[in-house]
Amino acid sequence: MIARLYPLLLRAYGPQGWWPLASMAGHRGFDSRGYHPGSFSFPRTPAQRFEIAVGAVLTQNTSWGNVEKALAALASAGVRTPADLLGCTGERLAGLVRSSGYHNQKARTLRVLSVFFQAPASLRAASPPARDELLSLRGIGEETADSILLYAFGRPVFIVDAYTRRLLQRIGVIGGRESCREIQALFSDALPRAHELFNEYHALIVAHAKARCRARPVCEGCPVPRCCARRLPRHPPRHPPRSRT
DNA sequence: CGCCAGGTGGGAT
DNA sequence: ATCCCACATGGC
């Protein structure tokens with residue numbers, strides 16, 4: 001199922017291209033928001049790796065639109081490098097990323113991340129950190145660590161996020177109790193371990209989750225065969241609108 | 001107004 | 001090991 005799903009989604013939504021790099025918006029191969037559909041081999045400079053990691057923290061349980069505002073605030077304040085971030089007071093940093101939500105927590109996590117990316121600088125720039133190393137950082141959990149490994153360092157680890165769980169549960173591949181590592185094993189066992197594939201596949205899952213497989217699903221015209229239809233409640237619960245007098 | 005968004009850490013069980 | 005909850009803003 002996991003192997004069959006990918007071409008289905010690719011045909012339905014087309015190449016996505018991740019991670020968006022706002023700093024590359026408009027450059028050759030990148031669109032106006034920094035996506036680079038169909039290509040995963042662009043050069044990742046140390047600055048780009050760091051930008052990806054910052055975005056991965058800011059998007060924790062947060063829509064990308066809110067993250068873009070925070071990234072724009074950082075950029076227009078001239079705060080880009082780990083040293084720049086560490087030069088801010090926690091309060092100022094929290095203010096800059098306020099739009100991404102949880103800004104106090106995230107400001108602290110960004111400082112921890114900056115220390116990590118700063119030293120030892122030359123090593124950190126090019127060689128992938130160990131997963132456990134990232135997980136030891138306060139504020140970096142499994143999804144954020146794996147996002148950094150995949151999108152910043154090109155490691156073939158599959159991202160397991162809320163969208164992935166929701167989709168797999170609806171099509172009956174998982175029950176819902178499985179750990180992140182168990183779900184990753186499903187992908188790793190079913191697919192060639194190529195970071196380009198893992199990248200695009202996860203991007204497609206996000207596209208599908210946003211377009212159709214939402215919390216309140218839009219099943220009409222869904223590109224995924226009806227195997228999940230009988231698992232969905234006919235009318236997902238919703239409160240009737242209340243008058244606002 | 002209520003729901004949702006590319007989670008995480010810490011405390012209780 | 002697992003469950004539960006606080007953490008926060010913005011879009012629709």
Side-chain angles (χ1 to χ4, degrees), chain A residues 9 13 16-22 33-35 51-74 90-91 93-113 116 131-132 134-152 157-170 174-184 187 198-218 233 235-245:
Chain A
L9 295 176
Y13 299 102
Q16 302 298 303
W18 266 25
W19 187 279
L21 277 167
R33 293 176 66 197
Y35 289 83
E51 181 184 337
I52 290 168
V54 168
V57 167
L58 293 180
T59 199
Q60 289 169 353
N61 202 38
T62 302
S63 63
W64 186 251
N66 285 357
V67 173
E68 284 183 324
K69 295 179 203 305
L71 290 173
L74 289 170
E91 215 171 76
L93 191 51
L96 289 172
V97 301
R98 185 177 54 82
S99 70
S100 73
Y102 309 119
H103 51 278
N104 296 315
Q105 291 182 165
K106 285 175 180 175
R108 179 157 72 148
T109 303
L110 290 180
R111 300 174 70 78
V112 170
L113 187 76
F116 182 78
R131 190 178 197 261
D132 286 343
L134 290 169
L135 288 177
S136 73
L137 305 179
R138 166 85 174 257
I140 306 278
E142 290 186 301
E143 186 189 334
T144 308
D146 289 339
S147 293
I148 293 170
L149 290 173
L150 176 66
Y151 296 114
V157 292
F158 204 91
I159 309 299
V160 176
D161 59 4
Y163 289 156
T164 308
R165 287 177 180 279
R166 188 164 73 200
L167 174 60
L168 293 189
Q169 186 164 0
R170 284 178 176 170
I174 63 172
R177 282 304 95 106
E178 292 81 355
S179 69
C180 173
R181 302 317 291 267
E182 285 177 283
I183 295 171
Q184 287 181 319
F187 286 91
F198 285 15
N199 183 326
E200 186 64 55
Y201 201 158
H202 181 248
L204 287 165
I205 288 174
V206 173
H208 179 57
K210 285 179 173 171
R212 298 193 169 281
C213 207
R214 309 177 180 183
R216 192 179 170 76
V218 181
H235 290 295
R238 185 181 57 170
H239 293 294
R242 201 100 66 74
S243 67
R244 189 190 309 187
T245 59

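Heavy-atom basis, side chains included; hydrogens, waters and symmetry copies ignored.
Between F158(A) and Y201(A), a ring centre-to-centre spacing shorter than 6.0 Å is recorded.
Atom pair H103(A):NE2 and dA6(C):P shows a separation of 18 Å (rounding to whole Å applied). If you take CZ of R138(A) and C1' of dG7(B), they are 14 Å apart, rounded to a whole angstrom. Taking atom CD of residue Q60(A) and atom C1' of nucleotide dC7(C), one finds them 11 Å apart after rounding to whole Å. Rounded to whole angstrom, the span from the NZ atom of K106(A) across to the P atom of dC7(C) amounts to 15 Å.
Using a 30° and 60° split on the angle between ring planes, H202(A) and W18(A) fall in the perpendicular class, above 60°.
Applying the 4.0 Å criterion to OP1 and OP2 of dG10(C), one finds that R98(A) has a side-chain N or O inside that range. In this structure, R216(A) does not reach the dA5(B) phosphate: none of its side-chain N or O atoms is under 4.0 Å from OP1 or OP2. Look at N104(A) and you'll find a side-chain N or O under 4.0 angstrom from OP1 or OP2 of dA8(C). At dG7(B), one or more side-chain N or O atoms of N61(A) fall inside 4.0 Å of OP1 or OP2 (strictly under the cut-off).
Checked by atom type, the side-chain pair R166(A)/Q169(A) shows no donor-acceptor distance below 3.5 Å.
I205(A) comes within 4.0 angstrom of nothing in the nucleic acid, heavy atoms only. Counting non-hydrogen atoms under 4.0 angstrom, K210(A) reaches a base of the nucleic acid. No engagement by G65(A) is indicated, since no non-hydrogen atom pair under 4.0 Å with the nucleic acid exists. Here L135(A) lies out of heavy-atom contact (under 4.0 Å) with every strand. Counting any heavy atom pair closer than 4.0 Å across all strands shown, R166(A) reaches sugar-phosphate atoms only and no base atom.
Projected onto DNA chain B by closest heavy-atom contact, T59(A) and I140(A) fall at different nucleotides, the more 5' of which corresponds to T59(A).
Under a 4.0 Å N-O distance rule, the pair R165(A)/E178(A) does not qualify as a salt bridge.
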